[in-house]
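Only one structure is covered here, and it is reproduced in the block below.
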Amino acid sequence: MADFDEIYEEEEEDEERALEEQLLKYAPDPVVVRGCGHVTVFGLSNKFEAEFPSSLTGKVAPEEFKSSINRVNSCLKKNLPINVRWLLCGCLCCCCTLGCSMWPVVCLSKRTRRSIEKLLEWENNRLYHKLCLHWRLSKRKCETNNMMEYVS
């Protein structure tokens with residue numbers, strides 16, 4: 001009887017994989033909004049491009065897109081200078097504290113990332129889910145080097 005259950009679970013997993021592959025095949029390519037600021041702390045740039053992507057034409061108004069990006073950029077403008085100050089302070093004291101002085105920077109970076117994720121979720125619930133679009137913050141590899149960056 002146990003063997004029968006195992007076969008049944010494998011069949012369910014195969015069906016789920018096939019469904020996911022089918023959804024991915026018909027899903028449009030994601031629109032990537034990259035960071036364009038001069039300062040990057042732990043992969044998070046200090047601002048995102050406000051230029052309207054041509055692939056969103058007809059799906060969302062340029063004014064709505066720009067206001068969403070401006071909200072994200074204002075959140076970054078408020079939080080990132082604090083992160084940079086703590087990063088400099090942490091680097092100066094790193095040898096004396098055996099690396100423990102970097103913890104505030106890591107925690108502040110996570111807090112900034114979470115606040116942006118909450119803001120994007122609010123934007124999704126307010127407008128973008130109604131338009132069958134979804135914003136999220138995701139990690140991608142940089143095109144110019146091996147470092148990771150966050151993109152919307």
Side-chain angles (χ1 to χ4, degrees), residues 9 12-13 16-152:
E9 287 176 7
E12 279 183 2
E13 289 175 5
E16 288 175 9
R17 271 191 235 121
L19 182 63
E20 284 178 13
E21 288 174 5
Q22 193 175 31
L23 287 174
L24 287 175
K25 187 167 63 172
Y26 294 114
D29 290 334
V31 177
V32 177
V33 179
R34 298 177 54 92
C36 65
H38 302 316
V39 178
T40 303
V41 178
F42 291 113
L44 196 57
S45 183
N46 66 333
K47 68 178 183 176
F48 284 97
E49 294 176 5
E51 183 180 329
F52 186 72
S54 61
S55 57
L56 289 178
T57 304
K59 295 179 182 175
V60 67
E63 297 82 21
E64 288 291 339
F65 175 81
K66 190 168 185 168
S67 67
S68 298
I69 289 291
N70 286 339
R71 283 188 194 97
V72 171
N73 285 341
S74 66
C75 180
L76 286 170
K77 187 177 181 180
K78 183 177 76 173
N79 292 326
L80 220 55
I82 297 167
N83 293 7
V84 171
R85 288 184 198 131
W86 275 102
L87 179 64
L88 292 174
C89 184
C91 288
L92 291 174
C93 301
C94 190
C95 294
C96 300
T97 62
L98 300 174
C100 292
S101 60
M102 297 302 283
W103 277 109
V105 183
V106 173
C107 293
L108 286 171
S109 178
K110 284 183 182 180
R111 187 178 82 177
T112 302
R113 195 173 64 242
R114 284 191 186 123
S115 67
I116 291 173
E117 288 171 349
K118 282 183 181 180
L119 177 65
L120 290 176
E121 191 59 38
W122 178 80
E123 289 283 341
N124 284 331
N125 291 331
R126 182 184 68 88
L127 174 70
Y128 292 103
H129 282 169
K130 296 172 188 170
L131 301 172
C132 298
L133 297 172
H134 182 76
W135 281 60
R136 69 184 173 103
L137 197 63
S138 62
K139 254 185 187 180
R140 292 254 170 119
K141 191 171 184 173
C142 289
E143 295 173 354
T144 56
N145 54 29
N146 288 333
M147 297 178 77
M148 299 294 280
E149 68 175 341
Y150 284 97
V151 294
S152 257

Legend entry - side-chain contact (heavy atoms from CB on, under 4.5 Å) assessment of Val72 paired with Leu120: CA-CA 8 Å; Val72 171; Leu120 290 176; 3.8 Å; yes

Legend entry - Ion pair Glu123/Arg126, N-O distance below 4.0 Å: yes

Legend entry - CG-CG distance between Asn124 and Leu119, expressed to the nearest 0.5 angstrom: 9.5 Å

Legend entry - Nearest-0.5 Å distance that lies between atom CG in Asn70 and atom NZ in Lys77: 10.5 Å

Legend entry - Any side-chain heavy-atom pair of Leu76 and Phe48 under 4.5 Å: yes

Legend entry - Nearest heavy-atom neighbours spanning Tyr128 and Ser68: OH-OG, 2.8 Å

Inset, instruction - Would you indicate whether Trp122, at its atom CH2, is surrounded by more than 12 heavy atoms from other residues, nucleotides or ligands within a distance under 6.0 Å? - result: yes

Inset, instruction - Heavy atoms only: give me the nearest Arg113-Leu137 pair and the separation to one decimal. - result: CG-CD2, 3.5 Å

Legend entry - Rounded distance [0.5 Å steps], CZ in Phe65 versus CD in Glu51: 9.0 Å

Inset, instruction - Show your reasoning for whether side-chain contact (heavy atoms from CB on, under 4.5 Å) applies to Arg71 and Ser67. - result: CA-CA 6 Å; Arg71 283 188 194 97; Ser67 67; 3.7 Å; yes

Legend entry - Heavy-atom pair with the smallest gap, counting every atom of Lys47 and Asn73: CA-OD1, 3.3 Å

Legend entry - Heavy-atom closest pair, residues Glu49 and Ile69: O-CG2, 3.7 Å

Legend entry - Within-4.5 Å side-chain heavy-atom neighbours: Arg136 and Glu117: no

Legend entry - Atom pair CD/CG of Glu64 and Leu133 - distance to nearest 0.5 Å: 12.0 Å

Inset, instruction - Drop me the distance from Lys118's NZ to Arg114's CZ, to the nearest 0.5 angstrom. - result: 8.5 Å

